[in-house]
Amino acid sequence: MAKIIVTGGTGYIGSHTATELINSGYEVIIVDNLSNSNINVLDGIKKITGIKPVFFKTNLADASETKGFFNHVADADALIHFAAYKAVGESVKHPLKYYRNNLNSLLNVLENMFEKGIKNLIFSSSCTVYGQAENLPVTELSPILKADSPYGNTKQISEEIIRDSIKASTQIKAISLRYFNPIGAHESAEIGELPTGEPNNLVPYITQTAAGIREQLKIFGNDYNTPDGTAIRDYIHVTDLAKAHTAALQRLLNLENKSNYEIFNIGTGEGNSVAEVVRTFEKVTGIKLNTKVVGRRPGDIEKIWADVSLAEKELKWKAEKSLGEALLSAWIREKKYRGI
Ligand code: UDP
């Protein structure tokens with residue numbers, strides 16, 4: 001049974017991936033500092049899989065803590081690195097916090113992987129690296145434009161750190177997965193997204209509005225150059241995204257990778273506007289949302305969606321769930337979490 005370290009494994013994407021890995025027969029070790037997640041997530045994973053993963057509370061941005069953690073897991077076969085801050089707006093306000101945390105943790109993880117001989121890395125990257133691309137859909141060869149936020153910049157720099165490290169030594173192989181917009185929750189509703197305070201992201205804002213926690217969903221702009229004027233994204237069900245990690249891991253462990261550093265877009269290949277997301281949510285739940293169009297949100301791009309043909313061909317992976325299924329799962333999770 002291959003042993004996989006999942007950093008940030010109590011977080012949103014990390015917990016769904018840990019669940020998927022356990023269900024696929026991997027041994028999972030979670031390391032997280034619980035700065036934006038809850039230890040109870042481990043119980044959710046156990047309810048779904050029957051296994052409570054081994055857990056270490058460690059701040060990976062701290063070099064000595066990280067070294068201590070790796071002394072316990074030196075025999076791991078691979079590491080999936082999710083642990084990072086992820087709020088775009090917060091990163092604009094507190095850039096140093098973002099650079100310090102996201103870059104130091106990656107550097108510490110890589111150094112210890114080299115030292116312990118852990119050979120395989122999967123990195124959580126983001127479609128933010130493309131900025132507002134001129135040509136859509138974006139492929140992995142689309143230009144990397146200057147990042148709009150410190151958060152986006154940490155993802156660009158992290159990809160470069162990994163590329164340079166792998167160029168300098170063939171000891172490690174890596175795959176970066178550039179996620180589009182992950183939404184939804186595990187079908188059991190035992191785990192899901194857990195935003196603290198007022199959500200930044202669209203879908204948690206929608207489900208909290210439906211639950212009566214927020215009064216009104218603000219639609220940020222209806223004057224974009226899109227069919228209905230609202231911005232377009234590629235929304236992917238988080239369990240489909242989790243499965244992409246298992247596929248990438250199998251590729252590395254089975255020595256099927258074509259180069260020591262590969263990059264794949266992970267989306268559905270379809271773009272949906274904010275208005276379409278609202279309409280679809282209303283249709284699948286039967287709940288009418290209180291919405292109001294307001295001005296554009298600074299830093300937002302107009303439209304992006306993925307060309308996923310490379311992931312389909314090489315990872316033999318494809319997103320399977322529809323927007324409606326993803327939105328319904330987010331709502332079922334919200335209700336379970338709130339006891340509605
Ligand atoms: N959005 C919105 N109202 C909200 C939150 C988001 O209209 O309360 C829009 C946002 O402007 C963007 C889309 O929904 O066009 C997705 O935003 P989100 O923050 O979920 O993801 P992003 O693409 O910014 O990473």
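All values reported here derive from a predicted model rather than from experimental measurement. Values reported hereafter were calculated over all heavy atoms of this structure, with side chains retained and with hydrogens, waters and symmetry mates removed. Residue numbers run from 1 in the order of the sequence given. When a ligand or atom number is given, it counts from 1 through the structure's own listing order.
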Between Y179 and S124, is any side-chain donor less than 3.5 angstrom from a side-chain acceptor?
yes

Can you check whether V308's main-chain N or O pairs, donor with acceptor, with N265's side chain at less than 3.5 Å?
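Not a single qualifying donor-acceptor pair exists.
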
Strictly distance-based, threshold 3.5 Å: is any side-chain N or O of T58 a donor or acceptor partner for the main-chain N or O of L60?
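Flag not set: sc T58 to bb L60 has no pair under 3.5 Å.
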
Give me the residue, atom name and distance of the protein heavy atom closest to [atom].
atom: atom 15 (O) of ligand 1; result: A231 CB, 3.2 Å
atom: atom 16 (C) of ligand 1; result: Y235 OH, 3.4 Å
atom: atom 22 (P) of ligand 1; result: N181 ND2, 3.6 Å
atom: atom 1 (N) of ligand 1; result: F220 CD1, 3.6 Å
atom: atom 20 (O) of ligand 1; result: L202 N, 2.9 Å
atom: atom 11 (O) of ligand 1; result: D300 OD2, 2.4 Å
atom: atom 23 (O) of ligand 1; result: R233 NE, 2.7 Å
atom: atom 3 (N) of ligand 1; result: K218 O, 2.7 Å

Below 4.0 angstrom, N of the basic side chain to O of the carboxylate: do D43 and K52 qualify?
yes

State whether E190 and K46 are salt-bridged, where the test is any N-O pair (Lys NZ or Arg NE/NH1/NH2 against Asp/Glu carboxylate O) under 4.0 Å.
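Looking at K46 together with E190, the answer is no, because their closest N to O distance does not fall below 4.0 Å.
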
Per atom 5 (C) of ligand 1, closest listed option by heavy atom (T291, I219, N200)
N200

Where does [X] meet ligand 1, judged by heavy-atom distances below 4.0 Å: at the side chain, the backbone, both, or neither?
X: V203; answer: neither
X: R296; answer: neither
X: V274; answer: side chain

Out of R178, E159, Q156, H81, which residue meets the side chain to side chain donor-acceptor pair (under 3.5 Å) rule with S125?
E159

Please verify the inter-ring angle class for H245 with F82; under 30° counts as parallel, over 60° as perpendicular, anything in between as tilted.
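Aromatic pair H245/F82 classed tilted.
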
Do the rings of H16 and H186 sit parallel, tilted or perpendicular, given the 30° and 60° boundaries?
tilted

